Amino acid sequence: MGCDGGTIPKRHELVKGPKKVEKVDKGAELVAKWKYCALSQEKLRRPIVSCELGRLYNKDAIIEYLLDKSAERPNTEAVVHIRGIKDIKELNLTDNPEWEGERRTAKGDKYEDNCGMFICPVVGLEMNGKHRFCYLQTCGCVFSERAMKEVKTEICHKCGDPFKDEDIVVLNGSKEEVEKLKEKMEERRARAKTKKSKKSKASETVSTPSEPKGETQSQQAGIAEESSLQNGTDSNQSGSAGPSGPSGSSTSSQAIKTSMKSTSKRSIQQTETSEAFKSLFTTHSSAKRTKEQTSNWVTHTPYHF
């Protein structure tokens, strides 16, 4: 039994079997993570940012998402944990001098060597998915994991800012690493919430005792005024034995005014301030002239004494 042209079909061409499951090329998937935005699936371009889970995004795509979260976008699951701009960090990347980009003109079939746009500033490894990279949350500088292991320091190799082991975030890590980063992120946010609650409680405790102080001061001032008024009226009543009338009320008001003036027009020299402060005013003893310093004629210059 043959077909046209004398061909002989095989069994797998005639009998339909179960469909084979299409396997995803892990290498191509890794390259896509390092070259395309995790939200918009567009090519990565500066400025590039990363979240606390180590995913790469275009900054403009994240800003558009934060401005309008109701819009339908693909891969929104990758940015659910991002609440604001504080949850992302702009990366300080080092350009690869061998990367030509879109200016490269390829004639015919050409082998793609997966040349990365960025490299490690310490070791020189390309950031193309073949090597593990990480960034620092303090400054945003990106290094290869090999460089962090070989050169162990507590200062950034590029900008010199200090950092801790907790500040290192792996870029495009495995599922296990992403789960660990999620746990760290939740712990960090819980600490921030507790700090905010403590600060709010401290501010409330500081504001509450200040209120009774103000009330007591106002009460003391009111009592002092009442006592001064009563003293003035009592003195007027004892001094004037005549009949009460408009003259008595006028004398009492004058006494109150004089008492108020005496309290308000107190000399600075009678206060409990320092002598240096008192010497600034003309009422101080150092500002008074003696008879020898006074002149016998009128002059406008201060040199004739």
Side-chain angles (χ1 to χ4, degrees), residues 19-96 99-102 104 112-120 125-145 166-190 192-193:
K19 293 183 178 179
K20 294 181 180 180
V21 179
E22 295 181 357
K23 295 181 179 181
V24 180
D25 189 1
K26 293 182 179 181
E29 188 178 2
L30 283 172
V31 171
K33 286 182 179 179
W34 291 97
K35 287 190 176 182
Y36 295 93
C37 174
L39 176 61
S40 62
Q41 297 299 316
E42 296 178 356
K43 285 187 177 182
L44 290 172
R45 59 183 181 276
R46 289 178 182 272
I48 299 172
V49 296
S50 180
C51 62
E52 296 176 346
L53 302 182
R55 294 168 183 161
L56 299 175
Y57 311 93
N58 288 326
K59 192 173 183 179
D60 55 355
I62 294 294
I63 292 172
E64 290 177 1
Y65 165 74
L66 294 174
L67 291 174
D68 187 11
K69 293 184 179 180
S70 61
E72 294 182 358
R73 293 185 181 86
N75 301 324
T76 53
E77 298 177 356
V79 291
V80 174
H81 60 284
I82 298 176
R83 301 169 299 177
I85 297 178
K86 292 182 179 180
D87 295 334
I88 59 175
K89 185 70 177 180
E90 187 172 348
L91 300 180
N92 187 7
L93 298 163
T94 306
D95 293 328
N96 186 5
W99 187 71
E100 298 178 359
E102 297 178 355
R104 179 176 55 185
E112 294 291 337
D113 55 352
N114 292 329
C115 182
M117 292 186 292
F118 310 104
I119 60 172
C120 174
L125 296 175
E126 293 183 356
M127 200 171 77
N128 54 6
K130 294 180 181 179
H131 308 283
R132 292 168 59 84
F133 276 74
C134 56
Y135 80 95
L136 305 178
Q137 286 185 334
T138 55
C139 57
C141 295
V142 181
F143 303 97
S144 63
E145 192 175 18
E166 298 176 356
D167 300 329
I168 300 173
V169 179
V170 180
L171 292 172
N172 291 328
S174 60
K175 292 182 180 180
E176 296 177 355
E177 291 173 344
V178 171
E179 290 177 359
K180 290 180 181 179
L181 291 173
K182 277 184 181 179
E183 293 176 358
K184 289 182 180 180
M185 178 182 68
E186 291 174 357
E187 291 177 359
R188 198 180 297 109
R189 291 181 179 179
K193 285 183 181 179

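The shown structure was predicted, so the numbers you read here are calculated from the model rather than taken from an experiment.
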Point-to-point distance, once rounded to the nearest 0.5 Å, from NE2 of His81 to CZ of Arg189
7.0 Å
Flag yes if more than 12 heavy atoms outside Ile63 fall under 6.0 Å of its CD1 atom; otherwise flag no.
yes
Write down the atom of Tyr36, the atom of Gln41, and the distance for their closest heavy-atom approach.
CD2-O, 3.8 Å
Leu93: side-chain contact (heavy atoms from CB on, under 4.5 Å) partners, not counting sequence neighbours
Arg46, Ile48, Leu91, Phe118, Met127, Val142
I'd like to check the side chain to side chain donor-acceptor pair (under 3.5 Å) partners of Arg188; sequence neighbours left out, ordered by chain and number.
none
Just jot down the side chain to side chain donor-acceptor pair (under 3.5 Å) partners of Asn75, sequence neighbours excluded, or say none.
none
Test log, rule side-chain contact (heavy atoms from CB on, under 4.5 Å), inputs Ile119 and Trp99
CA-CA 10 Å; Ile119 60 172; Trp99 187 71; over 6 Å; no
For Phe133, ring-ring contact (aromatic ring centres under 6.0 Å, His included) partners two or more places apart:
none
Looking only at heavy atoms, which two atoms of Arg55 and Val178 are closest? And how far apart?
NH2-CG1, 4.4 Å
For a quick test of reading the model, state the closest non-hydrogen atom pair linking Lys89 to Gly140 and the distance between them.
CE-N, 3.8 Å
Take Leu44 and Cys37 through the test side-chain contact (heavy atoms from CB on, under 4.5 Å) and record every step on the way to the result.
CA-CA 6 Å; Leu44 290 172; Cys37 174; 4.2 Å; yes
When you measure from the side chain of Asp87 to the backbone N and O of Glu52, does any donor-acceptor pair fall under 3.5 Å?
no
Of the non-hydrogen atoms in Gly84 and Leu66, which two are nearest, and what is the gap between them?
C-CD1, 3.8 Å
Shortest non-hydrogen pair, Ala78 vs Ala38, comes out as CB-O, 4.1 Å
If you look at every heavy atom in Tyr65 and Val79, which pair is closest and at what distance?
OH-O, 3.4 Å
Backbone N/O of Val31 and side chain of Asn128: donor-acceptor pair under 3.5 Å
no
Value for OG (Ser50) from CG (Asn172), rounded to nearest 0.5 Å, stands at 8.0 Å
Worked verdict on Leu53 versus Lys182 for side-chain contact (heavy atoms from CB on, under 4.5 Å):
CA-CA 7 Å; Leu53 302 182; Lys182 277 184 181 179; 3.5 Å; yes
Sorted by chain and number, sequence neighbours left out, side-chain contact (heavy atoms from CB on, under 4.5 Å) with Val170 holds for Arg132, Glu177
Only counting residues at least two apart or in another chain, list the ones meeting side chain to side chain donor-acceptor pair (under 3.5 Å) with Lys59.
Glu90
d(Glu176 CD, Lys180 NZ) to nearest 0.5 Å is 7.0 Å
